[in-house]
K.L.:
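Input: one structure, supplied below.
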Amino acid sequence: MVQMEIHGRLGNQMFQYATLRGYMEKYKCEELNLNFKNGVYSRNFKNELEQFNIIKYKEVDKIEKSFVQKILVFSMVKIEKLINKIYKDNSEYKKNKLELKNKKILMKNGIYFLNQGYMELEETNSQNQIFIGNFESAKYFDHIKQKIMEEFTPKNDKLEKNSELYHKINNSESVCISIRRGDFLTKENIKGHYVCTEQYFEKAIEKIKEKVKNPHFFIFSDDIEWVKNNMKFPGETDYESGDDPVWEKLRLMYECKHFIISNSTFSWWAQYLSRNPNKVVIAPSRWKNTYQNEDIYEKNWTLIEP
């Protein structure tokens, strides 16, 4: 039985689900239990996965653990809370070292525990496989990319109100520009997560103009009115309304041909789900201002110093 306590919003949820699917396909697992209670509902987020054509799963209020698994997970969580208090700004690096150091004993007991980066997921004889972490790397599921793209197709049809926008996207050298603001600018997040400044987007646009002839820019943001009032874009530009449901916004984004992304898992998925084999992707060379997850980067990206 493959199990996970899902946390975060859509981009995070997609990474976690896709990692589970990669594992299940590789090791022929069939039963999937997902818990949204603590990491999603308690934070007033939604189970966004249910809007997509994902496989059947059982939603549970509690992850089943053996006695040994309970002891190991409890110990890791307690130690990492202590690391957060002691090391603060350097805590992500310290926790990552702890997780990798203990991965053999954890995996031997059916626990896959990693918040940053990539590690090879080995098969276990444990009855329950428990996944804890972010798993932000395509290496976990690239071997089933076509299935992932199919399962992350929205259940709902395209919204009629966006028909003109879809037409423009499909009939131009469309460039999706994803501008993340929102919670990245809060007091607790700005130091670590605010990477993509206005200067980054200016440099990224200049770079993509070198690579794409006659680009048509399509702007997506969680603060679209601020973007309209404070940022300028050269040439043809259209804006997503800002009030589309998240599944529709993602589809609009991944139907674009090229991408300028933020250090956001949501915009990461837009470029990953792109149907254009010749896509150009511009990304910031730093994903965070703290500990850097190099495994989130794709080989074909062009990196810009933010």
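This structure is a prediction, so every number in the text was calculated from the model and none was measured.
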K.L.:
Does Asp244 reach the main-chain N or O of Glu240 with its side chain, forming a donor-acceptor pair under 3.5 Å?
P.N.:
no

K.L.:
Counting only heavy atoms from other residues, nucleotides and ligands, does the tally under 6.0 Å from NZ of Lys145 exceed 12?
P.N.:
yes

K.L.:
If you define the side chain from C-beta out and look only at heavy atoms, does anything of Lys203 sit under 4.5 Å from Pro306?
P.N.:
no

K.L.:
Can you classify the ring geometry of Trp268 versus Phe15 as parallel (below 30°), tilted (30 to 60°) or perpendicular (above 60°)?
P.N.:
tilted

K.L.:
Indicate yes or no: does Glu25 engage Lys147 in a salt bridge with an N to O separation below 4.0 Å.
P.N.:
yes

K.L.:
Roughly how far, to the nearest 0.5 Å, is the CG atom of Leu10 from the CG atom of Leu49?
P.N.:
7.0 Å

K.L.:
Is it the case that more than 12 heavy atoms not belonging to Tyr87 sit under 6.0 Å from its OH atom?
P.N.:
no

K.L.:
Does Phe259 have any ring-ring contact (aromatic ring centres under 6.0 Å, His included) partners at least two apart in sequence or in another chain, and if so, which?
P.N.:
none

K.L.:
Is there a side-chain contact between Glu59 and Leu34, using heavy atoms and a 4.5 Å cut-off?
P.N.:
no

K.L.:
Check whether the side chains of Glu64 and Asn33 place a donor and an acceptor atom closer than 3.5 Å, and report yes or no.
P.N.:
no

K.L.:
How about Arg251 and Tyr166: does a side-chain donor come under 3.5 Å of a side-chain acceptor?
P.N.:
yes

K.L.:
Do the non-hydrogen side-chain atoms of Glu294 and Tyr118 ever get within less than 4.5 Å of each other?
P.N.:
no

K.L.:
Indicate yes or no: does Arg286 engage Glu305 in a salt bridge with an N to O separation below 4.0 Å.
P.N.:
yes

K.L.:
Do NZ/NE/NH1/NH2 and the carboxylate oxygens of Glu150 and Arg275 come within less than 4.0 Å?
P.N.:
no

K.L.:
Has Gln69 got a side-chain atom pairing as donor or acceptor with Ser66's backbone, closer than 3.5 angstrom?
P.N.:
yes

K.L.:
For the pair Lys155 (side chain) and Glu50 (backbone), establish whether a donor and an acceptor sit closer than 3.5 Å, ignoring hydrogens and angles.
P.N.:
yes

K.L.:
Please answer whether the main-chain N or O of Gly22 pairs with a side-chain N or O of His143 as donor and acceptor at a distance below 3.5 Å.
P.N.:
yes

K.L.:
What I want to find out is whether Glu206 reaches Lys211 closely enough, with some N-O distance under 4.0 Å, to be called a salt bridge.
P.N.:
no

K.L.:
Assess whether a salt bridge exists between Glu99 and Lys95, defined as any Lys/Arg side-chain N lying under 4.0 Å from an Asp/Glu carboxylate O.
P.N.:
no

K.L.:
When you compare the side chains of His258 and Asn278, does any donor N or O come within less than 3.5 Å of an acceptor on the partner?
P.N.:
no

K.L.:
I want to check something: taking the side chain as every heavy atom from C-beta on, are Ser221 and Arg180 in contact at a cut-off of under 4.5 Å?
P.N.:
no

K.L.:
Ignoring hydrogens and geometry, is there a side-chain-to-backbone donor-acceptor pair from Asn263 to Trp287 under 3.5 Å?
P.N.:
yes

K.L.:
Is it the case that the side chains of Gln271 and Trp301 hold a donor-acceptor pair, with the cut-off being a distance below 3.5 Å and no angle test?
P.N.:
yes

K.L.:
With no hydrogens and no angle check, do the side chains of Tyr17 and Asn12 hold a donor and an acceptor under 3.5 Å apart?
P.N.:
no

K.L.:
Is there a donor-acceptor pair under 3.5 Å between the side chain of His216 and the backbone N or O of Ser174?
P.N.:
no

K.L.:
Check whether any side-chain N or O of Gln16 sits under 3.5 Å from a backbone N or O of Phe135 as a donor-acceptor pair, and report yes or no.
P.N.:
no

K.L.:
If you measure from the Lys or Arg side-chain nitrogens to the Asp or Glu carboxylate oxygens, is any gap between Lys257 and Glu173 under 4.0 Å?
P.N.:
no

K.L.:
Any salt bridge linking Asp243 with Lys161? Criterion: basic side-chain nitrogen under 4.0 Å from a carboxylate oxygen.
P.N.:
yes

K.L.:
Could you check whether any side-chain N or O of Ser267 sits under 3.5 Å from a backbone N or O of Ser262, counting only pairs where one atom can act as donor and the other as acceptor?
P.N.:
yes

K.L.:
I'd like to know if the side chain of Tyr27 and the backbone of Leu121 have a donor-acceptor N/O pair within less than 3.5 Å.
P.N.:
yes

